[in-house]
Structure formats: structure tokens, C-alpha cells
Chemist: 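Here it is: the structure, laid out below.
Per chain, numbering begins at 1; letters A, B, ... match sequence-line order.
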Amino acid sequence: MVSKGKEKVMHIVFMLAACGSILAVIVICLFMFANGVPAMAEIGLKDFLLGKKWIPNQNIFGIFPMIIGSIYVTAGAIIIGVPIGLLCAIFMAHFCSSKIYKILKPAVELLAGIPSIVYGFFGLMVIVPIMQNMFGGSGKGVLTASILLGIMILPTIISVAETNIRAVPESYYEGALALGDTHERAVFKAVVPAAKSGILAGVILGIGRAIGETMAVIMIAGNQPIVPDGITSGVRTMTANIVLEMGYAADLHREALIATGVVLFVFILLINLLFSAVKRKGE
Amino acid sequence: MIRFKEKLKTYKRKPFSLFLYILVHLAAFITVGVLGALVIYILVKGIPNINTDLFAWEYTTENASMMPAIINTVLMTALPLLMAVPVGVFSAIYMVEYAKRGNKLVKIVSLTTETLAGIPSIIYGLFGYLMFVIALGWGLTFIGGAITLAIMVLPTIMRTTEEALKAVPDSFREGSFGLGAGRLRTIFKIVLPSAVPGILSGIILSIGRIAGETAVLLYTSGTQAKVVDSVFDSGCTLSVHMYKLMSEGLYTKEAYATAVILLMMVVAINWFSGFIAKKFQKTY
């Protein structure tokens, strides 16, 4: 009978632990919204979201340039990262020998493990000077950030896409071959389309990574709070806005930065929702 | 050689296939090439800048030593794991071993875990700042950063543990029940030991994530380059230290050297996790 009591107690302990993640999400939401929403109300939601000027010392807080900036660099990262990542995943699943796979797989894992601050350093020391030579100017801007973020989301895209391409039944491939397709056409026209929704889930995951990236972007994006007018124009993302000014901000300025975090948080929640929806549909 | 020639012939008739063939190889080459360029660049530029001054026990503006930051990094890795591993493993046990199929709580926990996994580090950093620095009034503290990091790595530990538990065959459990062991005993004596390698790889993954983290710690644990005296002291880890060196602009050489150390740490962690996965890989 004693052991039965212990079983019950531990059952409850396990259940409480499982509630830990629920608690964490609730507390995070609570703190973010409770601190950010009052600032939005004070500034005015329209002025805050659509205002094109960010001048903290005049109490003008419009984060439209940062929202657009985040969207631009994320879109750029997707344009650069998705084709390379997807093709690399196809290569890993259907083209390479097991010998090459043994090199490629750890390489992708290592790419995922490199800290963003090291990526940022690499971008600053290598990509920025290349951009300076090619386009003049500071070399920091939308294109530079897009390239680096494109590299950073590669491992996410590759590993999700590869898993989903491998999950497609072999019969699809064999059927296409039997109809006279070449190896390449069989893979691209029969196998990859069948893995569509899984690949899409990977892309959405990549979008989440890119839009939330902070330390690397801050080094190479230029950080001017303006709506960028070209791919070499400097840009400031929402994440950069927070890190750059949080150190010295006070009062409404600080609250406006937290509100920037809330906007980013809402973006992320929407992306997460989309991700779960696509994933469920795929299953 | 003959096979290659035949292949070439097919490609001549079907240039589109050749195009695809080239594309996928190019993509793989770019992926490895980028990694190679990054690693080689950092090593070549960084290694000549490593000197004993950088490993002095005390940080001064002259030596820009990273030793305090390294010690802090070790502490900052251990502390969040002490919190996240029990919670993560226990909650995975509940999800896999206790919850019945279609349990509502399981669905909610999966959803929130997925949400936590998707939250970027800067949001965690902001939350940690709002909760520990402002609301609780602790100021910049080591423990504030550690708790925030614990929440951040929780989903990783939960997911890998869940997968490891699911991989343990039911016959193990049935055998244990058949011998008269209770549920708790079965879990701790039979299921968990078989799942250790999977759990371990999740922990190592988390170590890598914590060691490379900057955005979370910048406004929770602060940027002071000294070894912390207590958990309520402020101190920086290696990644934060590197950010500081870079943003001050005076210590480029030291930043290169720090990058080398960070990179080697990550490579070592990756290698170790692969090693563990291989070493303990069991086929039931």
C-alpha cells in the first residue's frame, strides 16, 4: 500500500512537470503583453505600427521601418536559403553516396551549431568588405543581411526537407523510373512534390529563425531606422531595435522597445500557428 | 567509366536532367563551401592572435582576458541544465508513460512546447529582463539569465527525451510488469536507463545552444567580465564577451581569438554528441 501512495505522488509530480511548459508560455505572454501593450496605447497603435519615424528623444516612436526591415531581410534570406537548402537536401537524400553523406550530414549539423555571434563576426569581416567592393558604400544593408541569414537558415531547411523527402515511399520513385524518366526527373517530378507540405513546414520554420535572429543581423545590417530604398540600403530589424537601445532606454522609450518585442512576438506566434497547421495537414 | 559515358549520353538527350544534376551538386558544394570558408577563415585569422594574456585570471582593459568569461560559460551551462533536465525529463515521462491516448493535457503541452521552441532568443531575453531585472528587482543577475536559459532549452530536452522513451520497445515494459514491478519501478529501472543516450544527446544539444547564446544574456546576466561571486552577481559568458569586444571596436584581434575558442567549443560539443549517439546506439 505504501508503494501505491508513492506511485500516486510521482504521477502528480510528472504531471506538474508537464505543466511547466504551459506555465512558461503563460508567464512569457503575460509579461510581454502587460509591459508592451500600455506603451502601444500611449503612443497610439496606428502611430506605433505605421509611423515612419523613430526619434526617441522627441518621443516619436514609429516602428514601420523596422517591421518592413524584418520582412525584407527575412524574404531575402528565404530567396537565398530555400533553393540552396532544398537542392542540398535532395542531393543528400537521392544523389550522394554514403561516403559523401557521412561528411555532409555532420557539416550541416555543425552549421546549425555555430553561434550567431560567430556568424555575425564572419559577416562583418568577410561579407561586408566584399559588398563594399561590389556596390560601394558601407557594405552593410538588406542584401548583406539576407545573404548571412540565408546561410544561417540552411541547416533548418536542409534537415527538415531531407527528412520529408526520405519519408516519401520508394514506389513513387520506382514508378517514375518505370515510366521512362531519368533519375533526376523521377526525383524532381515524383518524389519532391510528394514531400511538398513537409518542405513547406521547413520553410516556415526557417522564416521563424530568420525573423527572430538578432546578434548576427545587428553586425551587418547597418541599423539605420529608415525604410530601405534598395537592396544595398541600410536596414534595422525589430530584433536589432531592441538590442541596440535597450541598454540606455528609459520610460516611454523603454516601453516602446518592449512593444517592439510584442509585435515581433505576435509575428512569431502567427508563424508558429502556420507551422503547426501545415505540419498537421501534412500528417 | 563505361557507366559514366552511358550516363553522359542520356544527359545529351535530356539536357534538363543534366541541369538538375548540376544544380543539386552545386547546392551541396555551396553548403560545405560556406562552412569550410567560415571555419578556415576564423582559424587562420584567429589562431595567431591567441596568446597567454588572453587566459589571464583577471580581466583588465589591457589584456582583454577571456578566462573569466570561459569560467562563467561553464557555470552558465550547468545552472540552467540543473533546472531544465529534471523538469524536461519528468514531463516527457508523463507524456509518454502516463498520459492516455487523446489526453487533452498532452495536446496542450505539445502545443506550448512547440511554441517555446519557436520563440527567438531576443524574446526570451526581453522576458528575462522584464521578469527578473525589473519585476523582481534583482538587477542583472546570473540566476536570472540561467532561469531564462532553462526555459529556452526545455523544449529541446523534452522532445529528445520523449523520442528516446518512445524508442524503448513495449516488450521491456511488459516484461517488467510481468515480473511484478510497479509502474514507477519500471520507469526508473527499465525504461529510463535504456533511454539515457537519447536524453544525453538532448542535453549536449542544449549545452551547445547555451554556450552560443548572446541575446538572452545581454540584458539578464549583463556584460561584466569577471567570474561571478554568487548567483546574484552579474557576469558575462564567452559569447557575450565576444559581442562586447566586437561592439567596442578596439579589440578586433581579441575578438578573432575568442571566435576560435567559441568555434572549437561548438565543434567539440558536436563531435561529442555524435560520438555518444553512435556509441550507445542500440537496435532492439
Side-chain angles (χ1 to χ4, degrees), chain A residues 3 6-7 10-11 13-15 17-18 20-22 24-25 28 31-32 35 84 87-88 90-92 95-96 104 106-111 113-118 121-122 126 151 154 158 182 184-185 188 208 212-215 219 239 242-243 246 258 261 264-265 268-269 271-272 275-276, chain B residues 10 14 17 20-21 23-25 27-28 30-32 34-35 38 41-42 87 90-91 93-95 98 105 108-109 111-116 118-123 126-127 130-131 151 154-155 158 182-184 208 212 214-215 218-219 239 242-243 246 255 259 262-263 266-267 269-270 274:
Chain A
S3 86
K6 209 168 141 200
E7 293 265 353
M10 283 314 279
H11 188 152
V13 169
F14 290 144
M15 197 160 85
S21 70
I22 303 177
V25 170
I28 291 173
F31 267 91
M32 292 301 294
N35 284 287
I84 297 175
L87 286 167
C88 185
I90 294 171
F91 179 80
M92 286 168 78
F95 281 83
C96 73
L104 215 49
V108 172
E109 273 163 15
L110 186 60
L111 217 46
I114 293 174
S116 49
I117 189 84
V118 175
F121 188 61
F122 177 73
V126 177
I151 295 170
L154 271 181
I158 291 173
T182 58
E184 287 79 11
R185 282 183 68 97
F188 275 86
E213 180 47 51
T214 313
M215 303 319 286
M219 299 288 162
T239 52
I242 299 166
V243 169
M246 203 66 194
I258 296 162
L264 176 68
F265 193 45
I268 292 288
L269 291 179
I271 290 167
N272 272 0
F275 172 72
S276 327
Chain B
T10 352
K14 301 198 164 128
S17 291
L20 293 177
Y21 180 84
L23 268 189
V24 290
H25 280 76
I30 291 175
T31 306
V32 177
V34 164
L35 177 70
L38 194 149
Y41 178 82
I42 301 258
V87 176
F90 278 12
S91 96
I93 289 175
Y94 179 77
M95 302 280 281
Y98 281 86
L105 184 64
I108 300 173
V109 173
L111 187 73
T112 49
T113 315
E114 227 166 70
T115 309
L116 281 183
I119 294 177
S121 47
I122 181 71
I123 300 283
L126 257 187
F127 159 72
L130 291 172
M131 172 138 184
I151 299 173
L154 186 64
M158 270 181 75
R183 190 173 236 178
L184 209 57
T214 316
L218 209 49
Y219 295 119
S239 313
M242 184 176 164
Y243 171 69
M246 282 165 73
L262 260 178
L263 198 63
V266 170
V267 171
I269 289 167
N270 260 35

Chemist: Rounded to the nearest 0.5 Å, what separates atom CG in A:Leu264 from atom OG1 in A:Thr214?
Modeler: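 If we round to the nearest 0.5 Å, A:Leu264:CG and A:Thr214:OG1 are 7.5 Å apart.
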Chemist: Answer with side chain, backbone, both or neither: which region of A:Ile151 has an atom nearer than 4.5 Å to a non-hydrogen atom of chain B?
Modeler: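 Answer is side chain: those atoms of A:Ile151 sit under 4.5 Å from chain B.
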Chemist: Can you tell me which portion of B:Met131 sits under 4.5 Å from chain A's heavy atoms? Options are side chain, backbone, both or neither.
Modeler: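 It is both, since atoms from each part get that close.
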Chemist: What part of B:Ile119 gets within 4.5 angstrom of chain A, counting heavy atoms only: side chain, backbone, both, or neither?
Modeler: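 Looking at B:Ile119, backbone and side chain both touch chain A.
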Chemist: Can you tell me how far the CG atom of A:Asn35 sits from the CD1 atom of A:Ile258, to the nearest 0.5 Å?
Modeler: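 It is 5.0 Å, given to the nearest 0.5 Å.
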Chemist: Looking at B:Val266, B:Val34, B:Val87, B:Leu35, which makes the most heavy-atom pairs under 4.5 Å with chain A?
Modeler: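 Counting heavy-atom pairs under 4.5 Å, the top option is B:Leu35.
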Chemist: Can you tell me which portion of A:Ile28 sits under 4.5 Å from chain B's heavy atoms? Options are side chain, backbone, both or neither.
Modeler: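 Looking at A:Ile28, backbone and side chain both touch chain B.
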Chemist: Where does B:Leu218 contact chain A at under 4.5 Å (heavy atoms): side chain, backbone, both or neither?
Modeler: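 Side chain of B:Leu218 only, per the 4.5 Å heavy-atom cut-off to chain A.
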Chemist: So which of B:Leu111, B:Ile42, B:Thr214 has the largest heavy-atom pair count under 4.5 angstrom toward chain A?
Modeler: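 That would be B:Thr214.
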Chemist: Contact part of A:Phe31 toward chain B, heavy-atom cut-off under 4.5 Å: side chain, backbone, both or neither?
Modeler: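 Both parts, backbone and side chain.
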Chemist: Give the member of A:Ile84, A:Ile117, A:Val243 that has the highest number of heavy-atom pairs under 4.5 Å with chain B.
Modeler: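 Top count of heavy-atom pairs under 4.5 Å with chain B: A:Ile117.
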Chemist: Under 4.5 Å from any heavy atom of chain B, what part of A:Ser276 do you find: side chain, backbone, both or neither?
Modeler: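 Both backbone and side chain.
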Chemist: With a 4.5 angstrom heavy-atom cut-off, could you sort out which part of B:Tyr21 is near chain A: side chain, backbone, both or neither?
Modeler: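 The answer is both parts of B:Tyr21.
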Chemist: Counting only heavy atoms closer than 4.5 Å, note whether A:Met246 contacts chain B via side chain, backbone, both or neither.
Modeler: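 When you check distances to chain B, atoms from both the backbone and side chain of A:Met246 fall under 4.5 Å.
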Chemist: Parallel, tilted or perpendicular for A:His11 and B:Tyr98, by the 30°/60° rule?
Modeler: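 Ring orientation, 0 to 90° scale: tilted.
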Chemist: Taking side chain as everything from C-beta outward and backbone as N, CA, C, O, which of these in B:Tyr243 sits under 4.5 Å from a heavy atom of chain A? Side chain, backbone, both or neither.
Modeler: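 Both backbone and side chain.
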Chemist: At what distance, to the nearest 0.5 angstrom, does CD1 of A:Ile90 lie from CZ of A:Phe95?
Modeler: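 Output value for this atom pair is 7.5 Å.
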Chemist: Quick one: of B:Ser121, B:Ala255, B:Gly208, B:Pro155, who has the most non-hydrogen atom pairs under 4.5 Å with chain A?
Modeler: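 The candidate making the most pairs under 4.5 Å is B:Ala255.
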Chemist: Measuring heavy-atom distances to chain B, does A:Phe121 have an atom under 4.5 Å in its side chain, in its backbone, in both, or in neither?
Modeler: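 Both parts, heavy atoms under 4.5 Å.
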Chemist: Using non-hydrogen atoms only, which part of B:Val32 is less than 4.5 Å away from chain A: side chain, backbone, both, or neither?
Modeler: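 Contact with chain A involves the side chain of B:Val32 alone.
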Chemist: Identify which part of B:Leu154 has an atom lying under 4.5 Å from any heavy atom of chain A, answering side chain, backbone, both or neither.
Modeler: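 For B:Leu154, the contact with chain A is made by the side chain alone.
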Chemist: Find the one option among B:Met158, B:Glu114, B:Met95, B:Lys14 whose heavy-atom pairs under 4.5 Å with chain A are most numerous.
Modeler: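 Most pairs with chain A among the choices: B:Glu114.
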Chemist: Considering only heavy atoms and a distance below 4.5 Å, find which of A:Ser21, A:Gly20, A:Pro115 pairs most often with chain B.
Modeler: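 The residue among A:Ser21, A:Gly20, A:Pro115 with the greatest pair count is A:Ser21.
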Chemist: Which pair of heavy atoms, one from B:Gly118 and one from A:Asn272, lies closest together, and at what distance?
Modeler: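 Scanning both residues completely, I find the closest heavy atoms to be CA-OD1, 3.8 Å.
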Chemist: Do B:Met246 and B:Met242 have side-chain heavy atoms sitting under 4.5 Å apart?
Modeler: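 Yes. Closest side-chain heavy atoms under 4.5 Å.
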Chemist: Check B:Ala27 against A:Leu87 and note the closest heavy-atom contact, atom names and distance.
Modeler: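 Looking at all heavy atoms of both residues, the shortest contact is CB-CB, 3.3 Å.
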Chemist: Examine whether an atom of A:Met92 lies under 4.5 Å from a heavy atom of chain B, and if so say whether it belongs to the side chain, the backbone or both; otherwise answer neither.
Modeler: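 Contact with chain B involves no heavy atom of A:Met92 at all.
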Chemist: What heavy-atom pair brings B:Val109 and A:Ala18 nearest, and what distance separates the two atoms?
Modeler: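 That would be CG2-O, 3.3 Å.
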Chemist: Please round to the nearest 0.5 Å and tell me the distance separating atom CG of A:Leu111 and atom CG of A:Leu154.
Modeler: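 Here the rounded value is 6.0 Å.
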Chemist: Rounded to the nearest 0.5 Å, what separates atom CZ in A:Phe265 from atom CD1 in B:Ile123?
Modeler: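 It is 6.5 Å, given to the nearest 0.5 Å.
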Chemist: In terms of heavy-atom proximity below 4.5 Å to chain A, should B:Leu38 be classed as side chain, backbone, both, or neither?
Modeler: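 Both backbone and side chain.
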Chemist: Do you know the tightest heavy-atom contact between A:Met219 and A:Met215?
Modeler: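 Of all heavy-atom pairs spanning A:Met219 and A:Met215, the closest is CG-O, 3.4 Å.
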Chemist: Once you round to the nearest 0.5 Å, how far does CZ of A:Phe91 lie from OG1 of B:Thr31?
Modeler: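 Taking CZ in A:Phe91 and OG1 in B:Thr31, the distance rounds to 10.0 Å.
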Chemist: Indicate the atoms forming the closest heavy-atom contact of A:Met32 with B:Leu130, along with that distance.
Modeler: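 Smallest heavy-atom distance, with atoms named: SD-CD1, 4.3 Å.
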Chemist: Given the options B:Ile30, B:Thr115, B:Thr113, which has more heavy-atom pairs under 4.5 Å with chain A than any of the others?
Modeler: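 It is B:Thr115.
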Chemist: Quick one: of A:Leu269, A:Ile158, A:Val126, who has the most non-hydrogen atom pairs under 4.5 Å with chain B?
Modeler: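 Top count of heavy-atom pairs under 4.5 Å with chain B: A:Val126.
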Chemist: Using heavy-atom distances under 4.5 Å, tell me whether A:Ile271 contacts chain B through its side chain, its backbone, both, or neither.
Modeler: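 The answer is neither part of A:Ile271.
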Chemist: Is B:Leu23 in contact with chain A via its backbone, its side chain, both, or neither, using a 4.5 Å heavy-atom distance?
Modeler: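 Answer is both: backbone and side chain atoms of B:Leu23 are under 4.5 Å from chain A.
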Chemist: Given the rule in the side chain to side chain contact (heavy atoms under 4.5 Å, CB included) test, do B:Tyr94 and B:Leu105 qualify, once you have shown the distances and angles that lead to the verdict?
Modeler: CA-CA 10 Å; B:Tyr94 179 77; B:Leu105 184 64; 3.6 Å; yes
Chemist: Given that the side chain runs from C-beta out, which part of A:Leu110 has a heavy atom under 4.5 Å from chain B: side chain, backbone, both or neither?
Modeler: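 The answer is both parts of A:Leu110.
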Chemist: With only heavy atoms counted, which part of B:Ile151 is less than 4.5 Å from chain A, the side chain, the backbone, both or neither?
Modeler: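 When you check distances to chain A, only side chain atoms of B:Ile151 fall under 4.5 Å.
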